[in-house]
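Naming convention: chains lettered A, B, ... in sequence-line order (proteins, then strands); numbering from 1 in each chain.
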Amino acid sequence: QDAQTGGTLRVLGTAEIDRFDTVPPATADTGSFFRAVTRQLINFAASNDADEQIAPQADLADSVPVPTDEGLTYTFKLRQGANWDAPDGARQIVAADIERGFMRICNPSLPNPAVSYFEDLIVGYAEFCAGFADVEPTVEAMKAYIEAGDVEGIETPSDDTVVFRLKYAANDFIYLLTLPVTTPAPVEVLDYLPDSPEYRENFISSGPYTIDSYTPDTQVTLVRNPAWQAESDPLRKAYVDTIEVVAGVQPDAAMQQLQSGDGDMLYDINVPPVTVQMLTMQGDEKISTLAEGSSRMIWINTVSENNDGALRDPLVRQALNYAVNKAAIVQQLGGPEFATPLNGIFPLGILGHHDFAPYPTNNNEGDPAKAKELLAQAGYPDGLSLKMPFRNAGNGAAEAQVLQASLEAAGFKVELVPTPASDFYPRLITNFDNALNGVWDLVPSGWSPDWPGGAARSIFQPQYTYDGTHGTFNFSDYNNEEANEIAAKALATSDLEEAAKLWNQVDEIVMANPPTVPLISQTTVLYHGAAVQNFLPYAAGGNGDWTNVWLSR
Amino acid sequence: MTVLSVRHLTIDIPTGDGHVHAARDVSFDVAAEELFGIAGESGSGKSVLSQAIMGLLPGAVISGEIIFEGKNLLDLPARDMQRLRGNRIAMISQDPLSSLHPFYTVGAQIVEAIRTHRQVSEAEALREAVDILGRVGIHDPDKRVHDYPHQFSGGMRQRVMIAMAIVLRPALLIADEPTTALDVTVQAQIIALLNEMRRELGTAIIMVTHDLELLSSIADHAMVMYAGNRMESGPGDAVLTAPAHPYTLGLLRSSPSHETRGALPSIPGQPPSLLLEQKACAFAPRCAAAMDICRKERPPLRSFADGTRSLCWLEAKASDTPAALPAAPDQAPALAQDSDIVVKVSDVRLTYGGRSLFGKNINLEVLKGVSLELPRGRTLGIVGESGCGKSTLARIIAGLLPPTSGDVTIEGQSVLGLDRRDWIEMRKRVQMVFQDPFGSLNPRRRVGSIIGGPFRIQKVAHGAARKNKVRELMEIVGLNPEHYNRFPSEFSGGQRQRIGIARALALNPSIIIFDEPVSALDVSIQAQILNLIARLQRELGLSYLFISHDLAVVRHVSSEILVMKAGQVVERGETETLYHHPQHPYTRELLAAADPHYRKSGGLADPLSSGATP
Amino acid sequence: MSAEIKQRGSLELTLRRLLADRAGLLAMLFIIALVAAAIGADGIAALTGHGPTAQFLDIGLTPTGLPVPPGGEFLFGTDQLGRDVLVRLAHGARISLAIGLVASLLAAMIGVTVGLVAGYFGGWIDVVLGRLMDLVMSIPVLLCMLSLVAVFGPSLPLSLTVIVFFSWTTMGRVIRGQVLSLREREFVTASRSMGAGHLSIMVTDILPNLGAPIIIYTTMMVPTSIIFEATLSFLGLGIVPPAPSWGGMLAEAANNSIYMFAWWLVLFPGLALLFTTLSFNILGDALRDALDPASMRHKALKKKKTSVRSAP
Amino acid sequence: MIRFIASRIGFAALVLVMLSGFVFTLFFVAPGDPARVVAGERATEAQVAQVRENLGLDRPIFEQYLSFVGRSLSGDLGYSYRNQQPVLDLISNRMPATVSLCVGAVILWLLMGIPIGIMSARRPGSLLDRLGQGFVLIGVSFPSFVLGMAALYFLYFVPRQAGFTLFPPGGFKPFLPNPGLWAWHLMLPWFTLAFTSAAIYARLTRGQLLEVLGEDYIRTARAKGLSERKVVYKHGVRSIFSPLTTQLGADIAALLGGALVTEQVFGLQGIGSLAVQSVQTQDRPVIIGVVMLAGFFIVIANLIVDFLYILLDPRIRT
Ligand SMILES: Nc1ncnc2c1ncn2[C@@H]1O[C@H](COP(=O)(O)OP(=O)(O)OP(=O)(O)O)[C@@H](O)[C@H]1O
Ligand SMILES: Nc1ncnc2c1ncn2[C@@H]1O[C@H](COP(=O)(O)OP(=O)(O)OP(=O)(O)O)[C@@H](O)[C@H]1O
Ligand SMILES: [Mg+2]
Ligand SMILES: [Mg+2]
Ligand code: NI
């Protein structure tokens, strides 16, 4: 069917769009929104092709640059005709806006955790942020600091040129530039606190759409941005006239509304596995998949005194790895199309993933006998009693019960502790005291890297390294100097194949004495209403691309 | 001219427990302008009968004929019956408090009655309503017509009911106990009003009541019912002065006003259940003159020369056959002569303070300085209209309610400010018997434990000893000790009052306060209880305070009488003195209201003018 | 007293009336059967050979993880984890019944005590307790439950506490109303005039007269509590998996709209819940008819008024 | 009268204060860290502490409570942690769905329950009465979410399988510009929410009316010659308004709970789903706001009921 413009796209969500500003931490789902109203130097194309989905493309940059200076310098030329929808009319996006965008990231009011990647990489950025941290978190003070400040490693020789200078050659720097947090900032936004109501009210778009109205917690309506020029944007076609993002719809209800035509696309809702199977059974073809590099694993508490520190014994952790029935989890999620058993820390689609089986079991169904044997060897012939909190939402309960069943078969008594979704990570798991005090022994957890593709860094660093501060996703302060060294090498090499091999080594080192039980690589399942045409998954938003669909009702 | 003619009316009401035979073969005629009285004890079927005539007994199985103005009402289609109701036949019922819709103004309710049957405008109907309210003696009818029923006193509400009933000038007015809920004085006014209306409008009135006294004074014709049967009917005078049926006679004899002193000739036993089939005379089990045949066959209807008819096997009038009379127990009460004062009440005052729903301060002075003395072994009667403070006084004397000021001493000891031990002790001296035999017994406790309650509370006697004492008490008051384990609901009203008396006797008190102990009972049962009370006083030398609004009853039991009005004692004196030479106008009024002869002659000056204020 | 009718004890009368009520009898039989099923739940599990939490990944689920419909192996089908619905239903009866009974008994105890004290003493005690009841009734129950669970995490005792906390007021009001009129009855004055103290009057004089409302309202509270628990489970605030409860089973069926495909997941627990609450309601009605002396004479005609606080 | 009104209003205020204390204590004494939620799942301790300070969560609880009460009195329920929007705005944005749902459901259940109750009471024991009683029993025995599921299955899913749309599966459409669409989309939610209460009202109406129809004044009305219709509707039904009003007052609290469940089942953007979502994200100002506002409505509804009661019953009025 031919592309056609016009119409209103209705996107349904449970929660509202959580951020209008790219600076404060936002959920991955917000990526779809940022796609429509902001532009970055580098971005992804919306595509059905798994490889194309994760290939960096030029967005504000007029091409993807090749690093010079042994991979330490990246020079970007900005695309002409890419405009701000500024209050006084359309205005070209310039190099200073890019630098300003970076400066806002480590503001003391609502900093973004991704700041650590750049502190690690860009020359002079850590110093800039350290200075910023001491600034009063008020509009005036922050504005003054940014206006007076400068990041050494970000140079703006002319309005249309930006140069980044790195501390070491990082093969994933281009990927880092796809993060919404790197969005350029127009000078006007310095007058507001990040993502404050005033910011929202005076929103300045750079994408094909801009905010028409915002009813908090209920609906955001996007309309065409008059300053946006189609020829300046290779990635977005902007077929529909209006996009309504509706909040407050429960997943089941949203699915029904999509089927009945009351809604077109989903916002923060993933299609539940069972529904996928029901839809497939009914021959519904409006299902697509997207590999974002998500994985699920069980974290093992290696710091508590529970069971006299039994979980510190590598044998016990290996026993756990043998015990778990990964095939059952795959079955729960709808079969091999939607999930694959995972035996290492890097999921499918991530540079560094390799098919290996440190603890092989038949069809990944678990090997209770082997597990029991190891347990006995470790001195626990009668098994162990373990506490496993789980996230009481979505598929959490089902997954926990499947895990419980296979662990019990191997001699682990597992006590399930349902935990409200809001409490699971913030209160229970990321609080290191809870690990230390043995509030939990095992937790099923999930991880998606901050960007797709070459994202081994975004998996390894937050989860498997410990630099002395708690409270991140490394729940029991795992650290392995040997792995760290190899990882540093993997990051610094510009040869991707070499990098992949090094990451494989990292994976093997970690799994030899496993802090986790990897479970599955997960594929995100997407669904849309019948009116939606040209539905193309957009990797950084985890869903279909709003700016490339058209409607036929 | 006969307005209504009822022929062989039989009414069965189906219920969960079987058929209630509420009327059996009842026939009578009512002529225009006549007042036809129907008397009988509670549950004898009077109300059912009147509702049957109105056609307001859905679900009942009715046979026979009710001929009204030439048409048999039982065959009439519902629509036609509806058109007659209110228009040609009207009704007033016993309780004026609950018979008016609380949410509509009295005017609206009268207007509704008018406009249901006549095509008149709202304004026209309202004018008529005002007019009729004026005629039944409501002051300022044009203002009061917009008031709600709760803004009227009981007597005035009954007037409103009457106004509503007669506004369309019906041919027949059925008054089902129109005065039982009212004070004696108001009662007399209402009766006078009805009489006047009857004469003025030519309405035939059927008056249902259990008050024989009343009937004998006003009814042109009367009918006495018992267990659904018409026992006797005939001209009012004849039936109520020279009754043909032993039941009628028994009723008349049991009414205390006829015997001034001594035991009343009561009718033993209690009425039968209407659920039972009757093959013989319904009254036979209680009839002193019963013969064998009475218990076997249904009696014939006998007519007598004076126009009375009686459903009885006796060939002569009961009033003519001395044998039919129950032997009146002879002796006069042996009055104790040592007159030391056991109860002394001096200048007791009581003010109920409080706040109404809307926060107005209410200070209701209920007792305004009452003093009295009760000599040992004597009975002091207290009369007065409803709300004058009798019960309040009783409670104060019993120590259940502290007075605002004044003092009460019992056998020399003040009942006020006792500590817990003295209070328990005091309970052994004074006891109370309450008005309502249904309410004063805990329905969920067995008779044994009710009567044994005082022993439990006072911690006297245990186990078998207590049980024996209870049995003794039951025997004293004439209850079968075998019924130790029953619940109060399994007893009749009279028996329940005996239980109450037994309980009061348990701790051997020297003084008993009776607060209207018989007002809830039928005359035949009332007599039994009055006799019991008298016997106990004789045998146990008790001193009584006897409260009632019924002058006749008080006069029967008391040696001295106290008349109360609005919280004050207006007159006191030896019974006979007071009765024959009343000093205070209020006493006279009371006596007048209670005396049938006053009523008949319309003795009250202006019945319409003295309506109570709201 | 020759024409004396045989007098029956009130217990006997009540039983006779109850047994004469066919619907009530059926309801009672159903409840007895249910209790039997709950007690014998392990027996049912043994009979089918399926434990209540056993997952049959091979025969109880399709390769893509869908539950299988009722059939020879699984009489009521399996759930989304391949567990036997029949066995879980029987085990769920335990929790639902336990919650229903324990919650209503506790609530009844509190309600009766508060109602009795408030009604008997009147005055400021009544005002305070009455206002307390008003207060509890003005709390948006489910919202508060939601918040409580968010704070304390779901658990059986918490559910129980919340149900009790929010359901005693109905009983309290009814009892208070009854006591207000009972304390004016003359048998109370009579007891007082015998020298009885407050406690003795409340316990021996007033309490026995509250038998009918207590029994009726407690019975009526059972289905409300069961529904309440089910609703909490439905919102994910109920008991801890993998223990089965009817509400939890229904919630699992509702989750992801799986019931639209696997109708048996909602049909069987739904019917069990419906029949149970229906039975208790019918039994409550029957008990009311049998116990309430006011309805003795005009059985078909009179029904005592009730104000039932609806379950969410 | 004035005193009465004043005392009722005073009590209403007291209830709200106690409610606020209760909710506030619950949230602020309880463990859990909204700052962490706001800061995002991957924030470091230092960043969380910064957010905590920005939100004022590091101040003493009592101080926070006092400032909360102070602000509430001027109608300011504070700002959401999540999007810094005024709580009052958030709630009023969700108001249309909830109000549509509740008002419609109340009307529907009154229109269902009362007539069924009247019909039952007019002919006790008849077939109609038995049917009515059956409806009542089933109604009070069904949890509303099961009913919602059944409605969705039979009135939406089954017809859709058969190829046509009988009712949409929920979703809120604003009243304007298309009231028909609005009503059509609310049909199933209305029915679900109304069913149980309709049963309770049918039962209540029947019981009360039977009792009233046994009153003496009804006999008087019949004796006046009024038609049975008039007797029942003008004299009988008029008297049951007061108990029905009382029940209605008591039902407001339950109504909000029912609305919460119904909104979940049918995907309505109402206050209930706002509450659920806020609980999930620990957005305390919003939760407190919703609970307080719900309490406020309940209290106001009960005040209105009290006054209606006076209006309806002349015995109290004069
Ligand atoms: N609707 C009814 N259904 C069943 N039984 C009834 C009904 N109405 C009255 N009865 C029974 O019929 C009998 C006669 O009652 P009725 O009211 O006529 O007595 P009554 O003579 O008017 O008594 P009272 O002086 O107490 O008014 C009583 O046993 C009563 O219980
Ligand atoms: N607890 C109370 N609070 C306020 N007023 C009361 C109270 N008890 C009784 N009264 C009022 O006191 C007055 C006297 O009441 P009491 O019961 O003593 O009258 P009574 O002469 O016994 O009347 P009755 O013949 O109707 O029994 C009445 O006006 C009554 O309304
Ligand atoms: Mg009568
Ligand atoms: Mg009195
Ligand atoms: Ni005889």
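- Heavy atoms of B/L100 lying under 4.5 Å from chain D belong exclusively to its backbone.
- Contact annotation for B/M164: only side-chain heavy atoms (C-beta onward) come within less than 4.5 Å of a heavy atom of chain D.
- A salt bridge links D/R222 with D/E228: the distance from a Lys NZ or Arg NE/NH1/NH2 to an Asp or Glu carboxylate oxygen falls below 4.0 Å.
- With hydrogens and angles left out, the side-chain atoms of B/S93 and B/S99 include a donor and acceptor closer than 3.5 Å.
- Heavy atoms of B/I174 lying under 4.5 Å from chain D are absent altogether.
- Between D/R122 and D/D129 there is no salt bridge, since none of the side-chain N atoms of the basic residue sits less than 4.0 Å from a carboxylate O of the acidic one.
- Residue with the most contacts toward chain D among B/M91, B/R79, B/R85: B/R85 (heavy-atom pairs, distance under 4.5 Å).
- Listed options D/D216, D/I218, D/T220 were ranked by heavy-atom pairs under 4.5 angstrom with chain B; first place goes to D/D216.
- Atom CE of D/M18 sits in a sparse spot, with 12 or fewer heavy atoms from other residues, nucleotides or ligands closer than 6.0 Å.
- Side chain of B/R157 to backbone of B/P149: a donor-acceptor contact under 3.5 angstrom is found.
- Both the backbone and the side chain of B/S98 come within contact range of chain D, judged by heavy atoms closer than 4.5 Å.
- Heavy atoms of D/S239 lying under 4.5 Å from chain B belong to its backbone as well as its side chain.
- Comparing B/E112, B/M161, B/M81, B/H117 by how many heavy-atom pairs each has under 4.5 Å with chain D, the most go to B/E112.
- With sequence neighbours left out, the salt bridge (charged side-chain N to carboxylate O under 4.0 Å, His left out) criterion links B/D12 to no other residue.
- B/Q109 and B/H101 are not linked by any side-chain donor-acceptor pair at a separation below 3.5 angstrom, with hydrogens and angles left out of the test.
- At least one donor-acceptor pair closer than 3.5 Å links the side chain of B/S50 to the backbone N or O of B/S47.
- Contact annotation: the side chain of B/R159 never approaches that of B/F152 to less than 4.5 Å [non-hydrogen atoms, C-beta and beyond].
- Taking chain D as the reference chain and counting heavy-atom pairs below 4.5 Å, the highest number among B/A165, B/A113, B/A78 is found for B/A113.
- In summary, the aromatic rings of B/F103 and D/H235 are positioned with their centroids too far apart to meet the 6.0 Å limit.
- The contact list for residues 118-133 of chain B toward chain D, using heavy atoms and a distance under 4.5 Å, is empty.
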